[in-house]
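Data first, discussion second: the structure below is written as structure tokens.
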Amino acid sequence: MVAPRLVLVLGDQLTLSIAALKAADMDRDIVVMAEVAAETGYVAHHPKKIALVLSAMRKFAARLQEDGWRVCYTRLDDEDNAGSIGGELLRRAEEHGAKEVLATEPGEWRLIEALRDHPLTLHIQQDDRFICSHKEFEDWAEGRKSLRMEYFYREMRRKTGLLMEGDDPAGGAWNFDSDNRKSPPKGLEGPEPPRFEPDEVVRQVLDLVEARFSENFGKLRPFRFATDPEEAEKALDHFIAHALPCFGDYQDAMVRGQDLLFHSLLSPYMNVGLLDPLEVCRRVEAAWQAGDVPINAAEGFIRQIIGWREYVRGIYFLEGPDYTSRNALDHTRKLPALYWGGETEMRCLRECVDATRREAYAHHIQRLMITGNFALLAGVDPGEVHEWYLEVYADAYEWVEAPNTIGMSQFADGGIIASKPYVSSGNYIAKMSDYCKSCAYGVTVKTGEGACPFNLLYWHFLIRHRERFEDNPRMAQMYRTWERMDAEKRETVLAEAEAFLERMEAGEVV
Ligand SMILES: Cc1cc2nc3c(=O)[nH]c(=O)nc-3n(C[C@H](O)[C@H](O)[C@H](O)COP(=O)(O)OP(=O)(O)OC[C@H]3O[C@@H](n4cnc5c(N)ncnc54)[C@H](O)[C@@H]3O)c2cc1C
Ligand code: SF4
């Protein structure tokens, strides 16, 4: 009899058409799935993220069995659990006399390297759930002076045919951002997000997570994530019907008490494999074709997926394993305690950290322009910032989190992703949110009692990095504004920024 091969399916590869399963033979091969301490603990993930992944894994394994696969499934609390993916493969290989493993490429260098060094013979397939392969991205990047997302995105539009009319973009433009990003009017409310009641499988997982991970940052209950493809599909239907029409208009808006506004909360499902990203985009395109949503909403949404999502993955694999340790701006400050729920007077940070703790979610502008912006202005070590984002969000996987944090948010890659750092003073936050109205600081106060810390740190950042950014055409105007400021005021701003950072470092509530 021919020896069986093991078919490795990881917790973020829960798609029936995943490459390793496609390459396998149901009559010969054995699927291996394992909940292991090495994966639940390489960072202290948000308990909701662990619960989502383990629940979805258990349901996926049951589905495979129903379909006729032989599945060896290891639960986290099984006595003979080897504790790591590599260890589980060895244990199952011995059990079944297998010598070879079919796997789909993992989404982070850490695991890719562990599999590469594995004593069994591994056949690693490319993950074809993405539109752009590594080779295609490398070819696109080859010889380019700068790797701007917008041009990559156009290639993906052409490749997929999404929102295309022949060779031209539908609606006459590639990008409708000029219609997007409106300030939130008073009382703006998004639709109620769909919530999924935990079934028996999820309830068991919740008990396990509660018993093992209660020390991790984040609230486990109430847990309302979708955990199988049918529920995820319902979440998609709900988004298209209720939130998508306003997605573009209020994409950058932030409103107290409104965690989602018009965002989709689909990233956790796409990232583990419960939803197919291309299918999601086709559904959104169909809603536009049916006249149900405006072009700025459909285009803006599709760009996030076939543009940004594919692009950041391309950068992660192009740049290699050292990407996460880059620190182009030499920032070394420790991540302040307020990121872990420590007290703060800054309303914007308090709101975003609180949503993160409760829901393992914050939308893009909260991640980029509140928590990310503050860490960058304050000069926090990007490695610490990276670890925080990897720990606290339900959708966090290194291939997507690291380029967003190290590159887009912290400029620690020296400008591969962002042509200028995403920094702002309080002004931007006041324009795009209602946070400042109930803040202890005054957003229009530039110095002295009650001055908004973002106002002080903004200038501190620009002056700290003057040599690097002064000649950047997109930033020159700010340096000119600084020069026009009264010399005494400039001194005061920098001294107050320093004093603020010292107080924060000393553990005072700021
Ligand atoms: C510092 C930082 C860290 C981030 N970490 C992650 C992460 O760990 N995992 C993750 O999936 N996204 C991450 N993002 C990107 C983005 O913030 C999330 O994808 C988005 O907030 C998810 O919420 P949503 O599904 O409601 O998104 P929506 O606003 O509804 O957007 C639709 C979809 O577009 C995709 N998307 C949007 N923006 C991006 C982007 N910049 N990069 C990649 N995909 C994008 C997502 O798949 C998302 O589901 C990060 C952004 C920043 C600034
Ligand atoms: S005043 Fe400053 S610190 Fe307060 S919410 Fe506005 S931007 Fe944030």
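Residues take their numbers from the sequence shown, with the count starting at 1. First listed ligand is number 1; within each ligand, the first listed atom is number 1.
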| Of all the non-hydrogen atoms in the protein, which one sits nearest to atom 5 (N) of ligand 1, and at what distance? | R367 NH1, 3.5 Å
| query | Is S264 in polar range of ligand 1, meaning some N or O pair under 3.5 Å apart? | reply | yes
| Enclosure of K182 NZ (heavy-atom neighbours >12, cutoff 6.0 Å) | yes
| said: If the contact criterion is a heavy-atom separation under 4.0 Å, does F247 count as touching ligand 1? | reply: yes
| request: Classify the contact between Y393 and ligand 1 as side chain, backbone, both or neither, using a heavy-atom distance cut-off of under 4.0 Å. | output: neither
| message | Does ligand 1 come near enough to V400 that some N or O of the ligand is less than 3.5 Å from an N or O of the residue? | response | no
| What part of L260, side chain from CB on, backbone N/CA/C/O, both or neither, has a heavy atom under 4.0 Å from ligand 1? | neither
| task | Could you name the option among N373, L265, L376, L261 that has the heavy atom nearest to atom 24 (P) of ligand 1? | result | L265
| query | Are R367 and D395 close enough for a salt bridge, meaning some N to O gap below 4.0 Å? | reply | yes
| field | Nearest protein heavy atom with distance in Å, relative to atom 36 (N) of ligand 1 | value | Q304 O, 3.6 Å
| Are K186 and D434 ion-paired here, with the side-chain N under 4.0 Å from a carboxylate O? | no
| query | Taking the non-hydrogen atoms of A362, is any one of them nearer than 4.0 angstrom to ligand 1? | reply | yes
| message | With a heavy-atom distance limit of 4.0 Å, tell me whether M270 approaches ligand 1 through its side chain, its backbone, both, or neither. | response | side chain
| task | Determine, for K135 against E138, whether the closest basic-nitrogen to carboxylate-oxygen distance falls under 4.0 angstrom. | result | no
| task | Sort out for me which residue in N180, D179, D177 forms a side-chain hydrogen bond (donor to acceptor under 3.5 Å, both in side chains) with N296. | result | N180
| remark: Honestly, for P268 the part within reach of ligand 1 (heavy atoms, under 4.0 Å) is neither
| said: With heavy-atom distances below 4.5 Å as the criterion, would you say the side chains of R326 and P382 are in contact? | reply: no
| field | For ligand 1, the portion of F301 having any non-hydrogen atom under 4.0 Å away | value | side chain
| Would you say N455's side chain and V493's backbone share a donor-acceptor pair under 3.5 angstrom? | no
| query | Does ligand 1 have any atom that is closer than 4.0 Å to a heavy atom of Y361? | reply | yes
| said: Closer than 4.0 angstrom, basic N to acidic O: yes or no for R110 and E39? | reply: yes
| request: Only one of Y323, Y389, Y316 passes side-chain hydrogen bond (donor to acceptor under 3.5 Å, both in side chains) with E398; say which it is. | output: Y316
| request: Please report which non-hydrogen protein atom sits nearest to atom 21 (O) of ligand 1, along with the residue it belongs to and the distance in Å to one decimal place. | output: H364 N, 3.4 Å
| query | Does S267, backbone or side chain, put an N or O under 3.5 Å from an N or O of ligand 1? | reply | yes
| request: Give yes or no for whether the N/O distance cutoff of 3.5 Å, strictly under, is met between H263 and ligand 1. | output: yes
| said: I'd like to know if K234 and E230 make a salt bridge, using a cut-off of under 4.0 Å between side-chain N and carboxylate O. | reply: no
| task | Please check if any side-chain donor atom of E105 sits under 3.5 Å from a side-chain acceptor atom of H134, or the reverse. | result | yes
| field | Salt bridge present between E150 and R154 (N-O < 4.0 angstrom) | value | yes
| message | Strictly under 2.8 Å, how many protein N, O or S atoms lie near atom 2 (Fe) of ligand 2? Waters don't count. | response | 1
| query | Are any of the side-chain heavy atoms of T227 and L52 separated by less than 4.5 Å? | reply | yes
| said: Under 6.0 Å from the ring centre and within 45 degrees of the ring axis: does the NZ or CZ of K49 meet both conditions for the six-membered ring of F225? | reply: no
